[in-house]
Amino acid sequence: MFRFFMPPSSASRSVAESADSMGTRRRKRKEQGYEAPSPAAGKPKHSTSKKKKKRGLTKRDCQSLKLLRLTSDFENSACQSFFGSLMQQGALGNFFVHTCYDDNISINHNFWCLEKLGSEVNHVKTVLHPDLTLGKTVEGPSVVHVSRSSSIEEARKGLPIVMMEQEIMEAINGSSIVIICGETGSGKTAQVPQFLYEAGYGSRGTVGYQVRHEKKIREDCSIKFMTDGILLRELQSDLLLRQYSIIIIDEAHERSLSTDILIGMLSRVVWLRQQQEKMHAGSEASSENALTVLKLVLMNATLHVEDFISDRRLFHEPPAVLEVPTRQYPVTIHFSRKGDYGDYLRLASKKVIQIHRTLPLGGKLVFVTGKGEVDYLCQKLRKESQRMERVSKDITAVLEDNEAFKYSGLCILPLYAMLPADEQLRVFRDIPEGQRLVVVATNVAETSLTIPGIKYVVDSGREKVKNYNHRNGLAAYEIKWISKASAAQRAGRAGRTGPGHCYRLYSSAVFGNVFSDFSSPEITKVPVTGVLLMMKSMGIDKVASFPFPTPPQAAALTEADRCLKALEAVVSKGRLTRIGRAMSWYPMSPRHSRIALFQSNLVFAYAIASAAALSLHNPFIIPCHSRGNNENTREELDIDNERDGGRVSPPLKRQRVMGKPKPAVEENHLRFRNHNSDALTVSYLLQLHDLTGTKVEKEEFCRENLLHVKTIDEMSKLRKQLLELIFHLGGCDEEFHGVMEAQRMWNPPGRILAQAICAGWADRVAKRMQGCPKSSDKDLRVRAARYQSCALGETVFLHPSSSVSHSRPEFVVYTELLCTKRSYLHGVTGVKPEWLVKYASSLCNFSAPLLEPRPCYDSLKDGVFCWVRPSFGPHLWPLPLHGVPAENDMVRISIFACALLEGNVLPCLRCIMLRPESLGQSRVFNLLKKMKVGNVIIDRRAILCEAWRKNPQLLRSEIQCWFQEGFRHLFDELWEECRRRFSWRVSSFFLWPRERRRSREEKKQSC
DNA sequence: GTTAGGGTT
């Protein structure tokens, strides 16, 4: 079976496309001077647009919705389905699909002719067609005949990449690895799969897709679209990727973590498949299991391919690199005269107004760094716009109908990823008559989605990045200059539909001297614990020599290694443990997999809820209490009313805009509070959410309680995914229902769950500081609890929003140490110090065995233990005394002998209360001497049992002599009774609770 | 007494 792999590429297109399908962009297309035929004309409309409104516009969501629509639209026919998928690729894709639908594509294997561009033929490609499902190779070259209408042909002619079809296909046929570089708009995403299709790849069967939480793959699927994360998972279970013959990785320049690892992995898979093929070619064996070579196509939007080609370890033979000219409209770049404006928000606002007043019509897109800046700038622009409107009215009143002075208002819309979906969608809807669009956006508009009709871009040149210190785990958000590549991408947003302008709020000198060429790949910036675990599970032990396009920092690998050891996923030599292997199969960070794997049955299900809760961001929205400007909020409400037709109730809307009054919100959040753990607080919240009826009610629940809808929704899906993974795959449906029923009552075993969380975050521990040393005057005023983190020297604080901020446990584990106003602990759970020894022993130091308290025999564990004084982490926090198995043979023998005589090994043999003076007696010496039989040391009940089986009289006389003369006649009976019990069941001795309790009390006294 | 750039299994 032929399958392409296409990680669905940038959602930019998808969103634009989705909006397109809803028929809302026609206005914009008219503005652009053409009217594209509607791909959906005459076909049933799909409900996905509705669905989209409710859900977030994450990149993945867009992909999945779009693909759902496409595959269901076209699923009757394999090729139509495939071309349907290509619809996502922009207007030209639309033309193509439209025609395919109307004109009957013919598929013809072993057909030699290909009609191209309506002119002469002449394009015969010799492409092998190994059909794995049939298990045989189709003889001769195979091409697919496609006839297109003249309008399509015309449109295709305009695409630079079409002229390169032959070159691209020759490269792919001649080389296992090909890199195609072409800027946005070159048509590579839409056309390359078509080229392959026409060449006979994947021309049989249907098109499917898979993203997280959503999968539409039919039996006869031959082309599969998926995200990079999904393929990475598949790679884990089939290193040779037997199902695929070509893999296309789109948007490789984005250098996401998964893409980078995939490229490294695939370089080896390609090689392995070549070896396989050679092996089979040499043998006469049946071709049933024969594997063909695997081809890899990387598609890059920039010419920066150094990382892919320079390191010979990655690709032994240099890949073919093709450059496709772009079809982008010209964008004029305007730099500022002054180098660096600190107050870029003020400047941005000024620039927007200036463009608005002096330049022709066209949408404006402003890039700033975060939600705060977006909101601030929106507010500022609205004020300015209102002021100008008033002035304009005054002037027109004086000059009467003079159009030249008539001011048209600005429609100012915010855009960032965490904005609720319906508010995000406003940028794609029609704006009120007479207004002009201004979108103030974060980076989300740079890579993830494209707003139609943008002619002017105002670029602040900054972005917010999350920095992570691998050594101490301290994270912080920083505002930094973007890279030259990013700046180009932002500017490009002005040239999607016609010539545009980009106003950069920095000078060309700053751009030239300060900006880096490219943004650093994600792998260099994030913890790589999960990456390391996955590689180990795939048998890649020497991660340091893995051919990453860009290797992670050495400190990151060290940290990851230390973390995996702390989680007991690997042993000291780096080998995976059983639990580590299990962890590698969970679709979460290793820490949360560890939590989920803590115990079985009911605890398990709660642990999963906790793991899901910790896997996403904190869902509580911290309301903004600033009073704000009434006029602005009023205006925003009015716009809302216009857009949603008054569907959302005004009080709700007001609440959304202004935030609830503080006490009500706090009271609401208190309802969920677990005083020992943020994770349990959020998992309870998750439970309430999941028990809430319909989707609409769930959303209402979030609004009422000021929660991020998207975050909770994602959390809920993750929880479901994990439960299904565990119960259904294991075939435990009944158990699953039992657990779910029991869980409806929601009575989590808090203590055990806190231990589970402790096991997952064993190396992120903080201890409350006693005596509150203040490092600065500023600290004097802080009332938040002070802690010392095991990873950091300086004082850190419990975040005031944490559930445990009042209980302030002595020891906590935390999921994040984020430096904002101060260094704050987030995701906190209180833990007992003794748990640290149990779940983070790799980070503990232990003293030599103590003489006092003296070692003792533990009847439940059946062993002799001595006490050590543990301390935790680099600050050597003292922990409670801890028992470890005694190493000294004599200590073990004598303590066990003592316990035997005291009846702690076998209660019926309780013969004496040992006193210190008895230690000098010869009967002590005799007993101890007999407890070493050859090489065997009798220091445990189990060993004694085994020894008695061989020699029933062992120790008899040595023990008998401890009984008083008067009782010795009873001894024979007692002895037989004891031995009989031994032979029944070792553990049965200690089912005499009263005896055991007494023995413990005695032990305590002796300690 | 207070934060959230963008992705993903």
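Every chain is numbered from 1 and lettered A, B, ... according to where its sequence line falls, protein lines coming before strand lines.
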K.L.:
How many Å lie between CE on A/M715 and P on B/dT8, as a whole number?
P.N.:
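For the pair A/M715 CE and B/dT8 P, the rounded distance is 17 Å.
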K.L.:
Tell me whether the centres of the aromatic rings in A/F515 and A/Y506 are closer together than 6.0 Å.
P.N.:
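Yes.
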K.L.:
Need to verify one output field. Residue with the more 5' nearest nucleotide on DNA chain B, A/P800 or A/S258?
P.N.:
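Its nucleotide being nearer the 5' end, the pick is A/P800.
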K.L.:
Going by heavy atoms closer than 4.0 Å, what residues in residues 514-523 of chain A are next to DNA chain B?
P.N.:
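Listed by number, they are A/E522.
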K.L.:
For A/Y376, give me all partners under ring pair (Phe, Tyr, Trp, His ring centres under 6.0 Å), at least two apart in sequence or on another chain.
P.N.:
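Partners of A/Y376 under the ring pair (Phe, Tyr, Trp, His ring centres under 6.0 Å) test: none.
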K.L.:
Rounded to whole angstroms, how far apart are OH on A/Y468 and P on B/dG7?
P.N.:
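Computing the A/Y468:OH to B/dG7:P distance gives 22 Å.
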K.L.:
For A/H304, what residues pass the ring pair (Phe, Tyr, Trp, His ring centres under 6.0 Å) criterion, not counting sequence neighbours?
P.N.:
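A/H304: ring pair (Phe, Tyr, Trp, His ring centres under 6.0 Å) contacts with A/F518.
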K.L.:
Between atom CG in A/L706 and atom C1' in B/dA4, what is the gap in whole Å?
P.N.:
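From A/L706 CG to B/dA4 C1': 16 Å.
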K.L.:
Which listed nucleotide (B/dT9, B/dG1, B/dG5) is nearest to the side chain of A/R783?
P.N.:
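Nearest to the side-chain atoms of A/R783, counting from C-beta on, is B/dG1.
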K.L.:
Would you indicate which nucleotide in B/dG6, B/dT9, B/dG1 comes nearest to any side-chain atom of A/T227?
P.N.:
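Within the option list, the nearest is B/dT9.
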K.L.:
Report which part of the nucleic acid A/F620 touches: base, sugar-phosphate, or nothing (heavy-atom distance under 4.0 Å, all strands).
P.N.:
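Contact class for A/F620: base.
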K.L.:
Check salt bridge (Lys or Arg N to Asp or Glu O under 4.0 Å) between A/R591 and all other residues, then give those that pass, not counting sequence neighbours.
P.N.:
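Applying salt bridge (Lys or Arg N to Asp or Glu O under 4.0 Å) to A/R591 gives A/D763.
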K.L.:
Heavy atoms from C-beta onward define the side chain here; which of B/dG7, B/dT2, B/dG5 lies closest to that of A/R822?
P.N.:
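The nucleotide sitting nearest to the side chain is B/dT2.
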K.L.:
Taking for each residue the nucleotide of DNA chain B with the nearest heavy atom, is it A/M418 or A/Y586 whose nucleotide lies nearer the 5' end?
P.N.:
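Per heavy-atom nearest nucleotide, the more 5' residue is A/M418.
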K.L.:
Go through the structure and list residues passing salt bridge (Lys or Arg N to Asp or Glu O under 4.0 Å) with A/E463, not counting sequence neighbours.
P.N.:
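None.
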K.L.:
How many whole angstroms separate atom CD of A/E234 from atom P of B/dT8?
P.N.:
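One finds 17 Å between P of B/dT8 and CD of A/E234, rounded.
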K.L.:
Expressed in angstrom and rounded to an integer, what is the separation of A/K821 atom NZ from B/dA4 atom P?
P.N.:
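Going from A/K821 (NZ) to B/dA4 (P), I get 12 Å.
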K.L.:
Could you tell me whether the phosphate oxygens of B/dG5, OP1 or OP2, come under 4.0 Å of any side-chain nitrogen or oxygen in A/K371?
P.N.:
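No, A/K371 has no side-chain N/O under 4.0 Å of OP1/OP2 on B/dG5.
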K.L.:
Could you report the tightest heavy-atom contact between A/A252 and A/L298, atom names first, then the distance?
P.N.:
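Smallest heavy-atom distance, with atoms named: CB-CB, 4.4 Å.
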K.L.:
Between A/D260 (CG) and B/dT8 (P), how many Å, whole number?
P.N.:
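Between P of B/dT8 and CG of A/D260: 16 Å.
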K.L.:
How long is the line joining CG of A/N467 and P of B/dG5, in whole Å?
P.N.:
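It works out to 14 Å between those atoms.
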K.L.:
Which nucleotide sits closest to the side chain of A/R212: B/dG7, B/dT9, B/dA4?
P.N.:
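Looking only at heavy atoms from C-beta outward on A/R212, the closest nucleotide is B/dT9.
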K.L.:
Identify which nucleotide among B/dG1, B/dT9, B/dG5 has an atom closest to any side-chain atom of A/I230, counting heavy atoms from C-beta outward.
P.N.:
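Of the candidates, B/dT9 comes closest.
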K.L.:
Starting at atom OH of A/Y209, determine the distance to atom C1' of B/dT9, rounded to an integer number of angstrom.
P.N.:
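Going from A/Y209 (OH) to B/dT9 (C1'), I get 17 Å.
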K.L.:
Counting only side-chain heavy atoms from C-beta out, which of B/dG5, B/dA4, B/dG6 sits nearest to A/K466?
P.N.:
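When the side chain of A/K466 is considered, B/dG5 is the closest of B/dG5, B/dA4, B/dG6.
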K.L.:
What is the minimum heavy-atom distance between A/K224 and A/C221, and which atoms define it?
P.N.:
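Minimum heavy-atom separation between A/K224 and A/C221: CB-SG, 4.2 Å.
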K.L.:
Go through B/dT2, B/dT9, B/dA4 for me and flag the one nearest to the A/K464 side chain.
P.N.:
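Given the options B/dT2, B/dT9, B/dA4, the side chain of A/K464 is closest to B/dA4.
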K.L.:
OP1 or OP2 of B/dG6 less than 4.0 angstrom from a side-chain nitrogen or oxygen of A/T442, does that happen here?
P.N.:
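It does, given that an N or O in the side chain of A/T442 lies less than 4.0 Å from OP1 or OP2 of B/dG6.
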K.L.:
Mind checking what makes salt bridge (Lys or Arg N to Asp or Glu O under 4.0 Å) contact with A/K215, not counting sequence neighbours?
P.N.:
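Applying salt bridge (Lys or Arg N to Asp or Glu O under 4.0 Å) to A/K215 gives none.
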